[in-house]
Amino acid sequence: MNPTISVIIPIYNEEKNIFNLYDRLTGVMQTLGETYEFIFVNDGSRDNSLALIKTLAQRDEKVKFINFSRNFGHQIAVSAGLDHTRGKAIVIIDADLQDPPELIIDLYKKMQEGYEVVYARRRKRVGESYLKLLTAKWFYRILANITSVEIPVDTGDFRIMSDKIVQVLRNMPERNKFLRGQISWAGFKQTYVEYDRAERAEGETGYTYRKMIRFALDGITSFSDFPLKVATMSGFAVSGIAFLVMLYALYSRFVTNDTVPGWTSTILSVLFLGGIQLISIGIIGEYISRISNNVRGRPLYIISDTNVNTQPAQVPAH
Ligand code: UDP
Ligand code: MG
């Protein structure tokens with residue numbers, strides 16, 4: 001029999017949080033009184049997380065695990081979970097207790113009012129670095145401005161959604177996952193519940209700035225062509241200016257005849273044009289690298305061992 005609720009928990013070096021999380025989640029599920037399963041996706045942890053998850057799985061048949069062959073990244077870990085859920089309502093939650101498990105009760109209740117997605121929107125965030133808060137804030141606002149999909153601001157992946165939405169996600173073949181964007185893109189009735197985001201309970205963030213930048217670029221390139229347009233526009237703008245300068249140069253040469261060799265103007269235009277060109281090529285490169293990544297058609301992740309029924313990883317057919 002399929003459970004009513006599936007909870008997906010991506011795990012990267014969370015040994016200090018796993019038992020605590022499990023206890024709190026179990027408490028929440030008992031309050032709700034529905035059947036459930038937990039799907040722990042171990043994303044190449046280097047600590048003892050896997051052993052702890054397997055211990056839980058032995059004790060409790062509701063605990064499922066998927067163990068990756070290496071670290072594939074948070075979004076892919078969640079996607080692997082989504083590929084293997086059986087529930088009617090699917091929850092995505094971080095393992096570090098920054099997403100309070102108790103909020104699932106509110107999310108679930110709200111869903112009963114007839115929503116396909118209820119996401120948890122952060123009212124406050126504590127215990128994160130100033131730089132992280134600022135970059136996150138900017139990122140969500142810039143993204144909101146340059147995309148036609150309405151991606152909610154100040155919202156992570158902590159949410160509940162119906163199996164209908166999960167089915168849509170499973171059928172989206174793109175490899176550079178930006179799940180919160182894909183879910184917004186899917187449409188249906190969506191709403192949110194507000195909460196205060198807590199500090200990470202134990203351990204350290206698995207999101208290095210490098211991973212954050214890649215994630216941000218995935219979000220932008222998957223949901224906006226605006227950077228490409230900026231490249232084109234700056235090309236036009238610079239060409240316009242160059243044309244005016246050309247007129248001026250001809251004028252000085254043939255009319256006023258004062259063509260003193262101008263080092264400053266030469267070097268400035270060379271540097272400026274060089275800069276614009278490099279930026280534009282870089283932007284195009286970001287899109288092309290994602291195209292080639294999709295075309296290669298490698299599996300999205302590799303499972304080393306698991307106690308769920310696996311079909312082979314869903315590889316897009318093109
Ligand atoms: N995580 C993961 N793979 C990674 C990095 C993180 O599965 O490469 C998991 C991590 O264990 C946690 C969730 O994703 O459950 C969110 O990560 P984290 O708390 O480190 O990110 P932050 O909250 O600092 O943005
Ligand atoms: Mg966290």
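Order of appearance sets the numbers: ligands from 1, and atoms from 1 within every ligand.
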Practice item. For atom 6 (C) of ligand 1, grab the closest protein heavy atom and report residue, atom and distance to one decimal in Å. Key: Tyr12 CB, 3.9 Å
Exercise for review: Return the residue, atom name and 0.1 Å-rounded distance of the protein heavy atom closest to atom 24 (O) of ligand 1.
Suggested key: Thr205 OG1, 2.6 Å
Exercise for review: Answer yes or no: does an N/O atom from Ala95 fall short of 3.5 Å to an N/O atom of ligand 1?
Suggested key: yes
Revision key, fill the gap. Value for CZ (Phe65) from CD1 (Ile9), rounded to nearest 0.5 Å, stands at 13.5 Å
Practice item. If you have a sec, work out which protein heavy atom is nearest atom 13 (C) of ligand 1 and how many Å separate them, to one decimal? Key: Asp94 OD1, 3.5 Å
**Study point:** Shortest protein heavy-atom distance from atom 21 (O) of ligand 1, along with the residue and atom involved
**Key:** Tyr207 CD1, 3.3 Å
Practice item. Just let me know how Asp43 lines up against ligand 1, side chain, backbone, both or neither, with a heavy-atom cut-off below 4.0 Å. Key: side chain
**Study point:** Residue and atom name of the nearest protein heavy atom (relative to atom 14 (O) of ligand 1), distance in Å to one decimal
**Key:** His74 CD2, 3.0 Å
Practice item. Report whether Leu32 and Phe158 are members of the same hydrophobic cluster (ILVMFWY, side-chain heavy atoms less than 4.5 Å apart, transitive linking). Key: yes
Exercise for review: Report yes or no: does Thr205 have an N/O/S atom closer than 2.8 Å to the Mg ion (ligand 2)?
Suggested key: no
Exercise for review: Distance to 0.1 Å, residue and atom name: give those for the protein heavy atom nearest to atom 18 (P) of ligand 1.
Suggested key: Arg200 NH2, 3.4 Å
Review point. Got a second to check how far Leu50's CG is from Ser304's OG, nearest 0.5 Å?
Key: 8.0 Å
Review point. Is the gap between the ring centers of His74 and Tyr12 under 6.0 Å?
Key: no
Check your understanding: Counting each atom of ligand 1 from 1 as listed, which ones have a heavy atom of Glu14 under 4.0 Å away?
Key -> 10 (C), 11 (O), 12 (C), 15 (O)
Check your understanding: Could an N or O of ligand 1 be found under 3.5 Å from any N or O of Gln98, whether backbone or side chain?
Key -> yes
Practice item. Determine, for Asp43 against Arg70, whether the closest basic-nitrogen to carboxylate-oxygen distance falls under 4.0 angstrom. Key: no
Review point. If we only count N/O pairs under 3.5 Å, is Gly73 in contact with ligand 1?
Key: no
Point to revise | Stepwise side chain to side chain donor-acceptor pair (under 3.5 Å) check, Tyr140 with Arg180 | key: CA-CA 11 Å; Tyr140 286 111; Arg180 56 198 78 164; 2.3 Å; yes
Exercise for review: Could you tell me whether Ile9 approaches ligand 1 through its side chain, its backbone, both or neither, with non-hydrogen atoms closer than 4.0 Å?
Suggested key: neither
Check your understanding: Quick one: which ligand 1 atoms are inside 4.0 Å of a heavy atom on Asn71?
Key -> 3 (N), 4 (C), 8 (O)
Point to revise | atom 19 (O) of ligand 1 - nearest protein heavy atom and its distance | key: Asp96 OD2, 2.6 Å
Review point. Considering only heavy atoms of Lys132, which atoms of ligand 1 have at least one such atom less than 4.0 Å away?
Key: 22 (P), 24 (O), 25 (O)
Check your understanding: When you measure from the side chain of Ser162 to the backbone N and O of Ala89, does any donor-acceptor pair fall under 3.5 Å?
Key -> no
**Study point:** Euclidean distance, Arg123 CZ relative to Tyr195 OH, rounded to 0.5 Å
**Key:** 10.5 Å
Check your understanding: Is the distance from the Mg ion (ligand 2) to the nearest N/O/S atom of Asp96 under 2.8 Å?
Key -> yes
Exercise for review: Taking only heavy atoms of Ile11 into account, list the atoms of ligand 1 that are under 4.0 Å away from them.
Suggested key: 7 (O), 11 (O)
Point to revise | Separation of Lys54 NZ from Asn67 CG (nearest 0.5 Å) | key: 5.5 Å
Exercise for review: Give the residue and atom name of whichever protein heavy atom lies nearest to atom 20 (O) of ligand 1, and the separation in Å to one decimal.
Suggested key: Gly206 N, 2.5 Å
Review point. Hey, what do you get for CG (Leu56) to NZ (Lys62), rounding to the nearest 0.5 Å?
Key: 12.5 Å
Point to revise | Least distance between heavy atoms, Ile39 atom then His84 atom | key: CD1-O, 3.7 Å
Study note, to complete from the structure: Counting heavy atoms under 4.0 Å, the part of Lys211 that contacts ligand 1 is side chain
Revision key, fill the gap. In ligand 1, the atoms that come under 4.0 Å of a heavy atom of Arg197 are 23 (O)
Check your understanding: From Phe19 CZ over to Leu52 CG, what is the distance, rounded to the nearest 0.5 angstrom?
Key -> 4.5 Å
Practice item. Could you state whether Val7 and Ile76 fall into the same hydrophobic cluster, counting links through intermediate Ile, Leu, Val, Met, Phe, Trp or Tyr residues with side-chain heavy atoms under 4.5 angstrom apart? Key: no
